[in-house]
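Lettering follows sequence order; numbering is per chain, from 1. Note that these values count all heavy atoms, side chains included, but never hydrogens, waters or copies made by symmetry. Just so we're clear, the structure is a prediction, and the values are computed from it rather than from any experiment.
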Amino acid sequence: MKTQLIADFLSAELVGDPGVEIRSVADVSNAGSDQIAFAENAGSAAGSAAGCLLIPLDASVETKACVIRIADPKLAFARVAEKLHPAKIRPAEIHPSAVISETARIGKNVFVGAFAAIGEGSTIGDSTQLLVGAKVGENVVIGKSCILHPNVTIEDGCTLGDNVILHTGVVIGADGFGYVRDRDGYVKFPQVGTVIIENDVEIGANSCVDRGALGETRIGSGTKIDNLVQIAHNVQVGRRVVIAAQTGISGSCVVEDGVVIAGQVGIADHATIRSGAVLGAQAGILPGKIVRPGVWWGTPVQPLDDFKRQNAHVKGLERLKAEVKAIRDKLDVFLAAMKDN
Amino acid sequence: MKTQLIADFLSAELVGDPGVEIRSVADVSNAGSDQIAFAENAGSAAGSAAGCLLIPLDASVETKACVIRIADPKLAFARVAEKLHPAKIRPAEIHPSAVISETARIGKNVFVGAFAAIGEGSTIGDSTQLLVGAKVGENVVIGKSCILHPNVTIEDGCTLGDNVILHTGVVIGADGFGYVRDRDGYVKFPQVGTVIIENDVEIGANSCVDRGALGETRIGSGTKIDNLVQIAHNVQVGRRVVIAAQTGISGSCVVEDGVVIAGQVGIADHATIRSGAVLGAQAGILPGKIVRPGVWWGTPVQPLDDFKRQNAHVKGLERLKAEVKAIRDKLDVFLAAMKDN
Amino acid sequence: MKTQLIADFLSAELVGDPGVEIRSVADVSNAGSDQIAFAENAGSAAGSAAGCLLIPLDASVETKACVIRIADPKLAFARVAEKLHPAKIRPAEIHPSAVISETARIGKNVFVGAFAAIGEGSTIGDSTQLLVGAKVGENVVIGKSCILHPNVTIEDGCTLGDNVILHTGVVIGADGFGYVRDRDGYVKFPQVGTVIIENDVEIGANSCVDRGALGETRIGSGTKIDNLVQIAHNVQVGRRVVIAAQTGISGSCVVEDGVVIAGQVGIADHATIRSGAVLGAQAGILPGKIVRPGVWWGTPVQPLDDFKRQNAHVKGLERLKAEVKAIRDKLDVFLAAMKDN
């Protein structure tokens, strides 16, 4: 991809040689003459050997490289990377070892790797790729251009939209965790609902999205979920939500559009996280709570500023104790002196 | 299942048409005329279009539906659901792609799906189902009517009772995490014990139960474990214990019968959780601690009431600081006035 | 292995019969006459029926057993266990169901189990074992004497050293979690780097190590990682680091040689954990922090002693409040009396 083509693709100004051939992306400090990099300020760009540099509009960089000025260099870099390193498109193929039900409907240009399985009545959309060992149950619907990495399992009756990426070991549609206490133990509450994953969702390795007990569990379009995340039955995750690794969301929670959730957060059942809320790492939300817009921290969560102030107060406890002792002593000395008079 | 048959099965009183055909369970607000639902009070039942409603003994509901009054409608609902939606029984079949050792003993009515494997000397009980890609090592014993979901792995020498359900990606019997520090690094402590899973246990997707180092790791009968849970080597989990998602139990802990553990709890090694204890979400137990009956919260855990009181004190710190300052000022003003006199 | 041979192997003093045949290791309280056990003091050794006992140099034990005195009995026990219970060496075999690219290079004495897969251009070192369902992508390099347990997945372009043990369900080289916010959602930041796992690393079941975004994620030699751990993109883990279950390390963190990290710890991005640091269970590290040598606890982490002192202060808050009230009352009573005079 020639530098001029990149500038045109980004609708951005090019300074320097328009004909440098760029083959891949790289970090600004390691990039070579056939690579593109980005810098968020002039300082980090200085001395880069990149063949092409994406820099902010107001940066002035002394470089031999071809330079493209753009409002958000990191975003531009991600866009160029999508062009230079598109997700691998495997040619249409059904591996002879794959086990596919005769009643499954397989679209055009579908790749089905070794040891993959597709159950009765399931539908695989055009250009979708099931990598080695991916398993699709019965009556599953999968849209177009999805990638199911190795060992991904989609259980019976679940639905995926288009452009969904599920990383290795993801489990969609296992039974939710619900029981009713009986005299002698626990009776399983029915887990007969489903999971709906909308378009452009990406879910990280070994994460789990359980099926609804009676209704559905839903992940809204454009939502991105990291590794080892637990989404319980009947959770409704909105659109363009970001959920970092090892977070757990309990049954029947609602996470509205655009929420950002850091790692190892725990959300108890029936809570609602409103659009505009950001939950800090390891935060804990109590059952049924409604979390309003803002940055939240701690267990139970508080607004970040309150959390910081409270933390400062706690750290100041030793001084406060000493101060109380000093006042008491002063008062006692004075009262003793009064008595003596 | 006709409404009269349901009432008879529950030994409960039926009010209304005994001949309505009920085909499935549903949520009270979405249920249709061939569905059964439950309501825990008259309010939520009102207006339901369910063909049959399970309601409390003392509730009076205006409905066209057939109504069954019963002490615990939710439990009754779960019981009826087990009848209407039994776990899928796949017909006896050994998929031609499965790899089964000649020395394995396979019971009657066993289902072995595609890409499943069973190692030397292992035993699979009657009516057990190994779904696609389930893997059983060598000298494993699996009881009757178990379900091993896709990609479940049972490592060498482990034992499962009857009616055990393991969801997709569960790993039973991986090596425990034990090393002895040496001058140059770590030497692996032997992990040559086993895992015993008793009857009626259910374990959620991608959870792990490690084998004992020298002895056994045991999960007692009727215990229910959620997704992404870690049970370390030599842990003894009692009967009818409930463990929610992402909880981790370290080596050699004892969790007694009937304990309830919420999500993301961490229990350090050699702790004992006594029957009657309930551990709140994200709770942390220190090594070797004995946790008595009651509800526990926080890290390190405290009784819930103490935790709440302490939390209130912490939140009141700003006021306490102001109060101390006011006292000091009052005292100083007074002392200064005395001096002037 | 005769007792004299064991003593010789350990270069330690033997007291008792040098000709007892020892076949396996066991716990000191359960060991039989053909088993070896260890005890860290005379008390726990007393009455053991072990055929051979490893005890400290200064312990004096009344036992019929053959006794070996050695400085660190537990370490000696681990060393003997490695001899008596070596990791199972499967005979060289390529299972007929395995799918191996013609361009893959397979070393000598390699075991490839059923349903295993090896992609184009990958290299498998001598004596390495891929158990049932292990999956190796394209252009992967795996060293000698590694064990990939069932369903382990190594994604394209990753590198493993020698003697690496990956337990069931481990995922090496899934995409890191990086996006750039756009007007309409998120654009994937390129995840085109790699993972390098050095020699003698062991990683527990269902743990994940993501590939670098642009550079590499690295796990240093001799490092041991427990189950369900998350290592994000571009993390640099040093040598002989220990990481317990369910810990998560965010992008671009550096964990230096010899660090010890307990379970459920969360480390935010770009933090550095210096050699000599020990992080207590459930600890939380803020982004970009540098954690110095010492024992750290809590969220955000503090030195353990500070954490304990602070905890004591918080627990003393009720008393402090009462004390402040008492001082205020005393002062008010006095001031009122003064006024009356």
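Using a 4.5 Å cut-off between heavy atoms, C:Gln282 contacts chain A through its backbone alone, with no side-chain atom that close. At a 4.5 Å heavy-atom cutoff, the contact between A:Asn311 and chain C is made by side-chain atoms alone. In this structure, no portion of A:Asn30 lies under 4.5 Å from any heavy atom of chain C. With a 4.5 Å cut-off on non-hydrogen atoms, C:Phe334 touches chain A through its side chain but not through its backbone. Only the backbone of C:Ala116 comes within contact range of chain A, judged by heavy atoms closer than 4.5 Å. Only the backbone of A:Ala26 has a heavy atom closer than 4.5 Å to any heavy atom of chain C.
Across every non-hydrogen atom of C:Val187 and A:Ala78, the tightest pair is CG1-CB, 3.7 Å. What you find for A:Ile225 and C:Phe177 is that their closest heavy atoms are C-CE1, 3.4 Å.
Note on A:Met338, A:Arg79, A:Gln264: by heavy-atom pairs under 4.5 Å with chain C, the leading option is A:Gln264. Per-residue counts of heavy-atom pairs under 4.5 Å with chain A were compared for C:Val314, C:Leu286, C:Asp306, C:Asp210; the largest is that of C:Asp210. When the candidates C:Lys330, C:Glu155, C:Gln230, C:Gln302 are compared by the number of heavy-atom contacts under 4.5 Å with chain A, C:Gln230 comes out ahead. When C:Thr299, C:Leu331, C:Asp182, C:Leu228 are compared by the number of non-hydrogen pairs under 4.5 Å with chain A, C:Asp182 comes out ahead. Interface summary for chain A: among C:Val324, C:Asn151, C:Asp156, the most heavy-atom pairs under 4.5 angstrom belong to C:Asn151.
Salt bridge annotation for C:Arg181-A:Asp72: absent, with no cationic side-chain nitrogen under 4.0 angstrom from a carboxylate oxygen. Using a 4.0 Å cut-off between charged side-chain N and carboxylate O, C:Lys188 and A:Glu82 make no salt bridge.
Judged by distance alone, the side chains of A:Glu202 and C:Tyr179 do bring a donor and an acceptor atom under 3.5 Å apart.
Cation-pi geometry between A:Lys74 and C:Phe189 is satisfied (NZ or CZ under 6.0 Å from the ring centre, within 45° of the ring normal).
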